[in-house]
Amino acid sequence: MRVMLEKNGLATSIDLPAPEMEIRRLRDNLNVTDPADNTFRVMDLLPDCHAEECLRGQECDLDFLNLLARCYDGMDAYEAEKFNAAAEASHLTKLGDLINLTQNVYRYTVASPEHRLGEFGRNSYFDLHLAVPADEAKQKDYLMEAVEFLRTHEGVRTSFGLVYENDREPFLFFDGKHMPAYYDEPEKTGVHLKYTGDAEVLQLPGEQS
C-alpha cells in the first residue's frame, strides 16, 4: 500500500509495510519531532486491496496503518479474497475494524465466479473445520460438501461474490489503542506499564520511539 500522508502543512508518501527507518524518514520530512505525535491524515493512497479505499481522507495512527499493511501482506490469495468480501459485506470503514478483520478471516467463506464447485466445497469445509486430518481430507467429496453448504447457508452478495459468515467467535486482535504483537517480527516480551493513571503495553525489545 502506497500512502500519501499530510501533517504540519507538508505531505510525503511511503510504501507500507515499512521498516522503522522509513517511518523515521517520513516523520523527519513532515517535521514531526514529538515521538508521541503519530497521527497523520491520509491524503491519498494506492491500496493493496479494495477494503483499504475507505482510509482515504481519514486521520490515522501511522503505526496502526503500518500494522494493517503488515497483516494484509501476510495473507494468501484466498484469505485476501475473504478479507475484501467480508469488509464490504460488513461495511467496515475504520482502521481498527480492518486490522481486526485480518485476524478473523477464518470466520468467512467466499463463493466467487472464479471458484469451481469442488474448490468452493474444499474451501468451505476447511473454513468450517480449520484443521482436518490428511486422510480425512483426501477422502472427502468436496462437490457434495459444496452442495450441502450452499443448501444450508445464506450468503451476502458482494462485488467479490457471495460471502458466508460462520458461527465461530471473533478474535479481538487489536483494541484500538495498544500495538499487538504480530508474527512477522522477532518474538518480543509484552510489558504492561502504568503511569499517572494511564496504561500502555510496550513490546520489548523495541525502538526508542
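Throughout, numbering of the chain's residues begins at 1 and tracks the sequence. Note that the structure is predicted; figures quoted are calculated from it, not measured. Keep in mind that the numbers below use all heavy atoms, side chains included, and drop hydrogens, waters and symmetry copies.
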Within 6.0 angstrom of [X] [atom1], more than 12 heavy atoms from elsewhere:
| X | atom1 | value |
| --- | --- | --- |
| Arg25 | CZ | yes |
| Arg116 | CZ | no |
| Glu169 | CD | no |

Give a yes or no on whether [X] and [Y] share a hydrophobic cluster (residues Ile, Leu, Val, Met, Phe, Trp, Tyr; joining criterion: side-chain heavy atoms under 4.5 Å apart).
| X | Y | answer |
| --- | --- | --- |
| Leu172 | Leu101 | no |
| Leu92 | Leu65 | yes |
| Met75 | Phe126 | no |
| Phe83 | Leu46 | no |
| Met4 | Leu68 | no |

Problem set entry | Results of side chain to side chain contact (heavy atoms under 4.5 Å, CB included) for Glu165 - residues two or more places apart only | Arg107, Tyr108
Exercise. Salt bridge check: are Arg27 and Asp37 linked by an N-O gap of less than 4.0 Å?
Worked result: no
Are [X] and [Y] packed together at the side-chain level, in the sense that at least one heavy-atom pair is separated by less than 4.5 angstrom?
| X | Y | answer |
| --- | --- | --- |
| Met1 | Asp15 | no |
| Arg168 | Leu130 | yes |
| Ile14 | Arg2 | no |
| Asn84 | Tyr72 | yes |
| Tyr106 | Asp127 | no |
| Leu5 | Met43 | no |
| Val163 | Thr109 | no |
| Phe173 | Cys71 | yes |

For [range], which residue pairs pass the ring pair (Phe, Tyr, Trp, His ring centres under 6.0 Å) check, not counting sequence neighbours?
| range | value |
| --- | --- |
| residues 9-35 | none |
| residues 24-63 | His50-Phe160 |
| residues 4-29 | none |

Exercise. With sequence neighbours left out, what residues match Glu145 under salt bridge (charged side-chain N to carboxylate O under 4.0 Å, His left out)?
Worked result: Lys140
Can you give me the closest heavy-atom contact between [X] and [Y], atom names plus distance?
| X | Y | answer |
| --- | --- | --- |
| Leu55 | Cys60 | CD2-SG, 4.4 Å |
| Asn66 | Ala18 | OD1-N, 2.8 Å |
| Gly121 | Ser124 | O-OG, 2.9 Å |
| Tyr182 | Gly74 | OH-CA, 4.0 Å |

So, the side chain of [X] versus the backbone of [Y]: is there a donor-acceptor pair under 3.5 Å, distance only?
| X | Y | value |
| --- | --- | --- |
| Glu6 | Leu30 | no |
| Lys7 | Thr39 | yes |
| Thr102 | Ile99 | yes |
| Asn104 | Asn100 | yes |

Mind checking side chain to side chain donor-acceptor pair (under 3.5 Å) for [X] and listing every partner two or more places apart, or none if nothing turns up?
| X | value |
| --- | --- |
| Arg56 | Asp44, Glu53 |
| Asp63 | Asn38 |
| Asn166 | none |

Problem set entry | Pairing residues for Tyr125 by the ring-ring contact (aromatic ring centres under 6.0 Å, His included) criterion, not counting sequence neighbours | His129
Exercise. What residues form a ring-ring contact (aromatic ring centres under 6.0 Å, His included) with Tyr142, not counting sequence neighbours?
Worked result: none
Exercise. Transitive ILVMFWY cluster of Tyr164 at side-chain heavy atoms under 4.5 Å: who else is in it?
Worked result: Leu117, Phe120, Leu128, Leu143, Val147, Phe149, Leu150, Leu162
Seminar exercise, completed: Grouping ILVMFWY residues whenever side-chain heavy atoms fall under 4.5 Å, the cluster of Met21 otherwise contains none
Kindly compute the distance separating [atom1] ([X]) from [atom2] ([Y]), expressed to the nearest 0.5 Å.
| X | Y | atom1 | atom2 | result |
| --- | --- | --- | --- | --- |
| Leu95 | Leu67 | CG | CG | 8.0 Å |
| Arg70 | Phe64 | CZ | CZ | 11.5 Å |
| Ser90 | Leu98 | OG | CG | 10.0 Å |
| Asp141 | Glu148 | CG | CD | 12.0 Å |

For this session: Could you give me the CA-CA distance, side-chain angles and deciding distance for Arg122 and Glu119, then say whether salt bridge (Lys or Arg N to Asp or Glu O under 4.0 Å) is met?
Result: CA-CA 5 Å; Arg122 186 179 189 280; Glu119 179 186 8; over 6 Å; no
